[in-house]
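For reference, the structure is listed below as structure tokens.
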Amino acid sequence: MKVLKTGKLEQVIDRLAQQADVYVPMLRGQQSGFYSWKTYNEDFDDLMFDILNVYQSPKHLILPQTEKMYSFRQEGQEVSIEEVAADIEPKVIMGIRSCDVRGIEYLDEVFLTKGYVDEFYKARRDKITIIANACYNPGKNCFCDSMGVSPTDPEAADVIMREVNGGYVWDVKTEKGEAITKQIEDLLEEQDVELFSLKPFLRKVEYDGVAEKLKDMFEHPMWEKYSEPCQTCGICTYLCPTCYCFDIQVKAWGDEGYRFRCWDSCMYHEYTQMAGGHNPREAAKERFRNRFLHKLQFFPERYGRPLCTGCGRCIVACPTGVSIIKIIDEVKEAETGA
Amino acid sequence: MNYTKEIREIATRLLESGQVDMVMAWEKGDQEYQTIPFVARTVDEVNRIVCDEYAVHNLANHLLRFRDGKEKIAIVAKGCDSRGIVRLLEDNQIKRDRLYVIGVACTGVKDPLQAMKANSGFERKKDQDEGLASKCLYCIQPNPVIYDELVGEELPLPELQGRFARIEEIENMSVDERYKFFEDILSTCIRCYACRQHCVACNCRTCIFDETRPQWVGRENNISDNMMYHLVRASHMAGRCIECGECERVCPVNIPLMLINRKLIKDINGFFGPYEAGMEYVEGNKPPLSVYRENDPDDFL
Ligand code: SF4
Ligand code: SF4
Ligand code: SF4
Ligand code: SF4
Ligand code: SF4
């Protein structure tokens with residue numbers, strides 16, 4: 001087996017960074033997320049391959065929070081439109097966990113399948129190489145295996161790093177993975193090591209049958225009940241590796257301007273605000289219900305799998321203690337007419 | 001702090017007699033350190049109520065959901081929460097006679113979010129206990145300033161140290177340093193607006209940041225829109241923030257928002273004071289920037 005010794009980790013990142021912008025999990029001050037190795041400062045940043053996961057999911061690397069689409073200028077009766085040059089640097093996302101890899105798989109489905117290819121997304125996605133970090137030790141709020149994600153074998157990974165004593169097994173999965181391995185081959189060592197076995201999950205949830213059951217639960221009292229503490233703050237959706245809603249807006253001054261897209265959230269009032277002033281999702285209950293129906297019913301109806309990877313972020317970060325596990329449990333237990 | 005037993009007794013009495021339609025308090029979440037907001041509407045639900053050391057949330061914010069209704073609402077309020085209630089009363093968001101305030105003399109609370117994060121695996125393990133929520137370290141009034149019934153013994157006012165120490169350090173920076181400082185901390189804001197959503201002083205029906213015609217503040221995530229957001233919000237908080245710390249507590253990326261709020265508190269007190277927001281409810285009272293007085297200072301303009 002090829003092994004990357006912990007002591008050579010930074011050397012490997014340095015090497016990869018010669019040909020791509022490498023994003024790695026870091027603790028930066030009070031924040032944690034995937035940051036570019038170019039911005040790493042050893043006085044402030046703490047490289048975090050050895051903790052479970054980071055708060056800010058890496059989805060922004062493929063679906064940036066703000067992205068310019070084109071700029072325009074009015075000249076007399078004419079309008080000239082200029083595409084924003086898609087000069088996109090290759091990226092490596094290194095140290096990403098299975099749940100977040102699955103997040104990217106879901107984004108791929110949304111932006112690349114069912115007859116429409118989002119060119120902005122595709123341009124970024126094509127240039128991304130994923131070096132995942134397999135999990136053998138799930139956290140207190142992880143439930144990826146309940147959502148059909150294997151913590152040790154992320155599907156869309158190009159390389160999987162498997163933590164072993166003293167380093168990581170370097171497990172190449174795809175051609176992209178081979179290509180990137182060529183750059184660092186001399187830093188890997190051939191060695192026989194024993195892999196850890198996966199520790200049991202502390203959290204479990206039964207998702208089977210939930211999507212089907214939800215069809216009859218639009219008016220169920222549980223939405224009123226569970227949305228009671230929710231302040232519709234959107235933290236859950238902004239941290240979630242799968243939430244992909246965006247809005248398209250414009251910034252204009254004088255005769256010119258540009259159009260951009262930016263993240264949006266179904267938890268926001270403005271999200272469903274209509275031109276005439278009516279809002280079909282006026283209160284927390286309706287917005288809260290939409291968030292869960294989208295994840296647990298509408299998305300599976302269209303793509304076959306739920307839009308939740310079990311990463312646990314929304315559970316950890318919700319200021320009022322809303323838990324998607326509880327919602328799924330409740331749906332399972334609910335009495336419905338059907 | 002644990003007033004669970006007392007609050008349950010009061011809640012039972014109020015709901016049984018029909019004096020109120022609901023009691024806003026807390027219940028336990030999934031983990032032992034998770035306490036979450038809960039509204040009891042029937043006597044049967046009362047045994048879910050808790051009021052323990054993790055009852056950090058400012059429930060006053062939750063009253064906004066009922067501002068157009070007629071329900072009579074009992075609400076449990078710590079010192080800071082009670083100032084939040086005053087905020088809503090001064091802002092004409094709810095009528096005093098719809099409320100039955102169950103005040104609790106607060107010995108400080110812990111933040112379940114911090115505990116949740118520390119135990120999730122998303123942080124390096126810390127061995128020491130999180131301790132009190134950061135807002136409690138600078139609490140000026142642990143006793144409820146408005147109540148119909150008090151639980152616990154009124155506490156002596158804390159002797160505060162260092163409430164403005166960090167603010168003074170920042171005031172002493174050069175203009176450029178200060179600009180850089182705020183640029184640094186605000187550049188990482190992800191503009192989720194959670195600080196607004198959880199804030200009792202952010203009670204406008206239509207928030208300026210949600211207006212689209214015209215759109216006052218752009219939705220791009222960049223330093224200029226981020227700064228604009230925080231500047232506008234700060235100016236709306238001046239004299240109105242009741243220092244409950246919810247904004248900073250909930251921020252998913254830990255922006256130190258209380259630095260901004262404490263600067264405002266300090267300046268409002270300096271220019272218009274002595275003034276601390278929401279410290280007593282006198283009908284008709286308004287915060288300093290909500291009224292015009294001939295002798296208002298203006299030399300800072
Ligand atoms: S569920 Fe929690 S994090 Fe999500 S919007 Fe509601 S209060 Fe915010
Ligand atoms: S819904 Fe929650 S647990 Fe599921 S993927 Fe999103 S943040 Fe993670
Ligand atoms: S949810 Fe699964 S893949 Fe994600 S961090 Fe936890 S164990 Fe690892
Ligand atoms: S909660 Fe934090 S990240 Fe969200 S808008 Fe407020 S300061 Fe920014
Ligand atoms: S600005 Fe922050 S501290 Fe002040 S009232 Fe609002 S949530 Fe509380």
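In what follows, every chain begins at residue 1, and chains take the letters A, B, ... in the order their sequences are listed.
For the set B:Arg196, B:His57, B:His198, the count of heavy-atom pairs under 4.5 angstrom toward chain A peaks at B:His198. Top candidate by heavy-atom pairs under 4.5 Å with chain A, chosen from B:Cys207, B:Ala194, B:Cys192, is B:Cys192. Contacts with chain B were tallied for A:Gln30, A:Gln231, A:His60; A:Gln231 has the most, counting heavy-atom pairs under 4.5 Å. With chain B as the partner, the residue from A:Ser323, A:Cys230, A:Gly33 showing the most heavy-atom pairs under 4.5 Å is A:Cys230. Options A:Gln65, A:Lys140, A:His269 differ in how many heavy-atom pairs under 4.5 Å they form with chain B, and the most are formed by A:Gln65. Per-residue counts of heavy-atom pairs under 4.5 Å with chain B were compared for A:Ile325, A:Leu27, A:Asn141; the largest is that of A:Asn141. The residue among A:Asp46, A:Leu239, A:Thr237 with the most heavy atom pairs within less than 4.5 Å of chain B is A:Asp46. Interface check for chain A: of the options B:Thr206, B:Val253, B:Ile255, the most heavy-atom pairs under 4.5 Å are formed by B:Val253.
Proximity to chain B (any heavy atom under 4.5 Å) is shown, for A:Thr320, by both the backbone and the side chain. Residue contact with chain A, scored on non-hydrogen atoms closer than 4.5 Å, involves the side chain of B:Asp225 exclusively. Proximity to chain B (any heavy atom under 4.5 Å) is shown, for A:Tyr55, by both the backbone and the side chain. Interface residue B:Gln31: only side-chain heavy atoms are found under 4.5 Å from chain A. In this structure, chain B has no heavy atom under 4.5 Å from any part of A:Ala283. Neither the backbone nor the side chain of B:Glu246 comes within contact range of chain A, judged by heavy atoms closer than 4.5 Å. Both the backbone and the side chain of A:Ile315 come within less than 4.5 Å of a heavy atom in chain B. Using a 4.5 Å cut-off between heavy atoms, B:Thr35 makes no contact with chain A at all. Only the backbone of A:Val54 comes within less than 4.5 Å of a heavy atom in chain B; its side chain stays farther off. Contact of A:Met267 with chain B is not made at all, since no heavy-atom distance falls under 4.5 Å.
Tested against A:Thr66, the residues B:Arg219, B:Glu220, B:Arg191 include a single side-chain contact (heavy atoms from CB on, under 4.5 Å) partner, B:Glu220.
Interatomic distance, CZ of B:Phe209 versus OH of A:Tyr268, reported as 13.0 Å (0.5 Å rounding).
Within 6.0 Å of the CD atom in B:Glu71, the count of heavy atoms belonging to other residues, nucleotides or ligands exceeds 12. For A:Tyr136, the OH atom sits in a packed shell: over 12 heavy atoms of surrounding residues, nucleotides or ligands are nearer than 6.0 Å. The environment of B:Met228 atom CE is sparse: at most 12 non-hydrogen atoms of other residues, nucleotides or ligands sit within 6.0 angstrom.
Residues A:Glu228 and B:Arg41 share a closest heavy-atom pair of OE1-NH1, 2.7 Å. Here the closest non-hydrogen pair linking A:Val316 and B:Ser120 is CG2-CB, 3.6 Å. Between A:Leu52 and B:Phe122, the shortest heavy-atom contact is CD2-CE1, 4.0 Å.
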Exercise for the section: Give the C-alpha distance, both sets of side-chain angles, the deciding distance and a yes or no for side-chain contact (heavy atoms from CB on, under 4.5 Å) between A:Cys233 and B:Val250. Expected result: CA-CA 9 Å; A:Cys233 67; B:Val250 304; over 6 Å; no
Handout entry: Stepwise side-chain contact (heavy atoms from CB on, under 4.5 Å) check, A:Gln56 with B:Ile190
Key = CA-CA 10 Å; A:Gln56 289 179 270; B:Ile190 58 173; 3.5 Å; yes
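No side-chain N or O of A:Ser32 forms a donor-acceptor pair with one of B:Glu123 less than 3.5 Å apart.
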